[in-house]
*Asks:* 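Below you'll find the structure I mean.
Here is how names work: the chains are called A, B, and so on, in the same order as the sequence lines, proteins then strands, and each is numbered from 1.
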There are 2 protein chains.
Amino acid sequence: MAGKNLTLEEIATLSGVSRSTVSRVINNRPNVKDEVRERVQKIIEEVGYRPHGAARRLAGDRSYTLSIIIPYDVQAIFSEPFFPAVLTGITQTAEQNDYYVMLSMVERSREEDFYRRVVRGQMPDGVIVLSAKADNKIVPRLIEDEIPFVVIGRHLYIPDISYADVDNIGGARTAVRHLLERGRKKIATITGPNSMVAGVDRREGYLSALDEAGIEIRPELIVQGDFTRESGYFSMQQLLSCQPDAVFAASDLMALGAMSAIRTANLRIPDDVAVVGFDDAPVAAYTDPPLTTMKQPSKELGATAVDVLLRLITEGQEKPLSTILPAELVIRSSSG
Amino acid sequence: MAGKNLTLEEIATLSGVSRSTVSRVINNRPNVKDEVRERVQKIIEEVGYRPHGAARRLAGDRSYTLSIIIPYDVQAIFSEPFFPAVLTGITQTAEQNDYYVMLSMVERSREEDFYRRVVRGQMPDGVIVLSAKADNKIVPRLIEDEIPFVVIGRHLYIPDISYADVDNIGGARTAVRHLLERGRKKIATITGPNSMVAGVDRREGYLSALDEAGIEIRPELIVQGDFTRESGYFSMQQLLSCQPDAVFAASDLMALGAMSAIRTANLRIPDDVAVVGFDDAPVAAYTDPPLTTMKQPSKELGATAVDVLLRLITEGQEKPLSTILPAELVIRSSSG
DNA sequence: CGTTGAAATGGGAGCGCTCTCAAAACCTAC
DNA sequence: GTAGGTTTTGAGAGCGCTCCCATTTCAACG
């Protein structure tokens, strides 16, 4: 249990076979007699042997390491539970598959050096990019160098890359449907910025829900925010002039601002205006009244990203694999 | 810029010196003529060379890797901004010092295997343990194997280990002083559990602030919660029978619960009862009224942990180094 | 101008693995 | 019993570095 780590060679001696055979056992390669395999495995188990990561990496073409890249811009969003949960999903799934996880945060100005440092110096088997902004230089580089990677969050411009994302469109549709089911007729929305996928997609979900219900789209009921609380407040003020009976905010923070604006106008939630948000931020449970919202499967998103990445790595998949996970409606009292 | 990574040998050929000399340049070792050093550095710069991490690790006794260990229990707390911010601080500081960061989350049941996998298989130069609970098996193992490590958050039982922590005592004292300065006379507190350092320390800060103000401690004004919103609510209900004019809650979540209880009792905040929390959770800015609280220097905590760890590693420090960072009072309207 | 010691440089060995290839062992089937 | 094939095993080389030690270079001094 304690004591220093042994080497392959020593395990080989202990089990009376050669280094090569032990290596085959460790890597689950064929062409080892069952009886021998078991014997070696037993010894490995007994002495608690673990292969030396660096040595494997140097000798083979595999590093058993995944690298998580977090662009600098994203760090601000760290206050939301989304990224930590994604990280948890990634780490757990990677560890289950016996992969190590490296974490790096890139400042914009150091992207170039960063790339060399991590990708060349460390040689991960694959890379997970957390939320690639459109102008991120990392993604094109990964493509160029043919390094398997998965982006969390659909990429706005570059097509044909592997990604894992929440179903923003479907989620928004569910949210708006929910308001319709509660009998709301005049549903407004506060969207996110057009430069972000989540902004665009959630807007589209809103439109499609109204469309399928045969309700006419009224442009004055659509105001663009920027995901902040403040933008929610001002957008709602603007919307109130149209007297909507419900509002779908594309983020909980904006919903918070909207609620504040509604109260300031002396209207009741949900009686006069029902509110639904998106994200299921921790604060959503504690607003007054508690906020109905769409919960993102954050942890699963991380886990899925790793699954996809491992398939790209081990199967040498050429064509990109993408997964979209559904968001879940969390009904609280703000929606009536 | 693009193209494959070169090796030390190739850099050596390009610069007309030997492998050894290039190695000296890379590792900033003495005994290289300035002129040669510059020439080599220029070439390295030009071709964007980065040493192969695995090779360095295998050859030398340094791995240039720090391992962050997150015990399973802690993951729940991930919804607070504390840990992500700490992670950011760790990663940035590590990268500035040219260290790689590995991330691992340990399930209780797999601690043993985990330890071998990460510590033996990966051989980090040092380990950062995020919030070691008292029963964590990792810390004793690290001590036994003489691996440099730093714990984030003071350890409750094991003395003489390196840690970085927020000044919970001083922070709590500041919070209570603030209430005293606002003229509050009868200040209650809702504490955290005694099993957690933050619980114990923040309680002590409360006591010491009253003590230095010459105010008598009244046990009925001290109720123990468990950092959850619910416990804050019930604790406050209990406290209201003593008619305090202020309450210091040892966490924002508990403060939230307390505010709810106060309102239910038809009392006004801060007029009848002033409230101060601890943590500066994102929700604190959006409560009604916004919550005065103690902001933790989370990112700095991570940065400090790395600084300390690097000193332990590079200076071969024997005796533990600890740092305590001050918490900052964020005044909002809940405190009057 | 030779001598001595320190500074600068180069070459070899080896870290612990994987991979390739050759050798050995084991199977058939005639 | 042996030729032909297949499975199993082992030995060697080498991944890209660092470390150690031998060698060369240089400066300073007698």
*Asks:* Return whichever of B:G60 or B:V17 has its heavy-atom-nearest nucleotide of DNA chain C closer to the 5' end.
*Replies:*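 Looking at DNA chain C, the more 5' nearest nucleotide goes with B:V17.
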
*Asks:* Quick one: label A:R62 by what it contacts on the DNA or RNA (base, sugar-phosphate, nothing), any heavy atom closer than 4.0 Å.
*Replies:*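 Since no nucleic acid heavy atom lies under 4.0 Å of A:R62, the category is nothing.
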
*Asks:* Determine whether the side chains of A:Y99 and A:R62 contain a donor N or O and an acceptor N or O closer than 3.5 Å.
*Replies:*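 Present: a donor and an acceptor within the cut-off.
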
*Asks:* I want to check something: taking the side chain as every heavy atom from C-beta on, are A:S20 and A:R24 in contact at a cut-off of under 4.5 Å?
*Replies:*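 SC-SC contact between A:S20 and A:R24 confirmed.
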
*Asks:* Considering only heavy atoms of chain B and a distance under 4.0 Å, specify the first and last nucleotide of DNA chain C in 5' to 3' order that meet this criterion.
*Replies:*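 In short, chain B contacts DNA chain C from C:dA7 to C:dG16.
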
*Asks:* Under a 4.5 Å cut-off applied to non-hydrogen side-chain atoms, are A:V166 and A:P297 in contact?
*Replies:*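 A side-chain contact under 4.5 Å exists here.
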
*Asks:* So do the side chains of B:L87 and A:L87 get within less than 4.5 Å of each other, counting heavy atoms only?
*Replies:*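 A side-chain contact under 4.5 Å exists here.
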
*Asks:* Which is true for A:R37 with a 4.0 Å heavy-atom rule: it touches a base, it touches only sugar-phosphate, or it touches nothing?
*Replies:*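 No contact.
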
*Asks:* May I ask you to say whether A:K42 pairs ionically with A:E46, meaning some side-chain N is under 4.0 Å from a carboxylate O?
*Replies:*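 A salt bridge is present here (some side-chain N lies under 4.0 Å from a carboxylate O).
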
*Asks:* Where each residue is assigned the nucleotide of DNA chain D containing its nearest heavy atom, which of B:S20 and A:T21 is assigned the position nearer the 5′ end?
*Replies:*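 Looking at the nearest nucleotide for each, A:T21 comes out on the 5' side.
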
*Asks:* Could you work out how much the helix from C:dC1-D:dG30 to C:dC26-D:dG5 bends, comparing the axis of its first five pairs with that of its last five, to 10°?
*Replies:*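 Its terminal axes enclose an angle near 50°.
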
*Asks:* Residues two or more places apart in sequence or in another chain: which of them pass side chain to side chain contact (heavy atoms under 4.5 Å, CB included) with A:E9?
*Replies:*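 A:E9 satisfies side chain to side chain contact (heavy atoms under 4.5 Å, CB included) with A:T7, A:R19 once adjacent residues are dropped.
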
*Asks:* Please tabulate, one pair per line, each protein N/O and nucleotide N/O from nucleotides 21-25 of chain D that are separated by under 3.5 Å, including the distance.
*Replies:*
none

*Asks:* Please give, in whole Å, the distance from D:dC26 P to B:N31 CG?
*Replies:*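 Rounded to whole Å, this separation is 15 Å.
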
*Asks:* What's A:Y64 touching, base or sugar-phosphate or nothing? Going by heavy atoms closer than 4.0 Å.
*Replies:*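 It contacts nothing in the nucleic acid.
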
*Asks:* Taking for each residue the nucleotide of DNA chain C with the nearest heavy atom, is it B:V36 or B:A55 whose nucleotide lies nearer the 5' end?
*Replies:*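 Looking at DNA chain C, the more 5' nearest nucleotide goes with B:V36.
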
*Asks:* Between B:T65 and B:R57, is any pair of side-chain heavy atoms under 4.5 Å apart?
*Replies:*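 Contact flag for B:T65/B:R57 side chains = yes.
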
*Asks:* Evaluate the side-chain proximity of B:L66 to B:I313: yes if any heavy-atom separation is below 4.5 Å, no if none is.
*Replies:*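 Side-chain contact under 4.5 Å: yes.
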
*Asks:* Would you say D:dC17 has OP1 or OP2 under 4.0 Å from some side-chain N or O of B:S23?
*Replies:*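 No.
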
*Asks:* Taking CZ from A:R19 and C1' from D:dA13, how many angstroms apart are they, rounded to a whole number?
*Replies:*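 Rounded to whole Å, this separation is 10 Å.
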
*Asks:* Any side-chain heavy atom of A:L142 sitting closer than 4.5 Å to one from A:V129?
*Replies:*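 They are in side-chain contact.
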
*Asks:* Between B:I69 and B:F114, is any pair of side-chain heavy atoms under 4.5 Å apart?
*Replies:*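 Yes, their side chains come closer than 4.5 Å.
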
*Asks:* Kindly write out the residues that satisfy salt bridge (charged side-chain N to carboxylate O under 4.0 Å, His left out) with A:K33, not counting sequence neighbours, or none if the list is empty.
*Replies:*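 Salt bridge (charged side-chain N to carboxylate O under 4.0 Å, His left out) check on A:K33 returns nothing, list empty.
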
*Asks:* Closest-nucleotide mapping onto DNA chain D: is B:R56 or A:D34 further toward the 5' terminus? I mean the 5' end.
*Replies:*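 Checking each residue's closest nucleotide, the 5'-ward one belongs to A:D34.
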
*Asks:* Let me know the distance between CG of A:D61 and P of D:dG14, rounded to the nearest Å.
*Replies:*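 So the two atoms are 17 Å apart, to the nearest Å.
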
*Asks:* Look at all strands and tell whether B:R57 reaches a base, only sugar-phosphate, or nothing, counting heavy atoms closer than 4.0 Å.
*Replies:*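 If one applies the 4.0 Å heavy-atom cut-off, B:R57 turns out to touch nothing in the nucleic acid.
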
*Asks:* For B:S298, enumerate each residue passing the side-chain hydrogen bond (donor to acceptor under 3.5 Å, both in side chains) test, keeping only those at least two apart in sequence or located in another chain.
*Replies:*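 Checked B:S298 against side-chain hydrogen bond (donor to acceptor under 3.5 Å, both in side chains); zero matches.
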
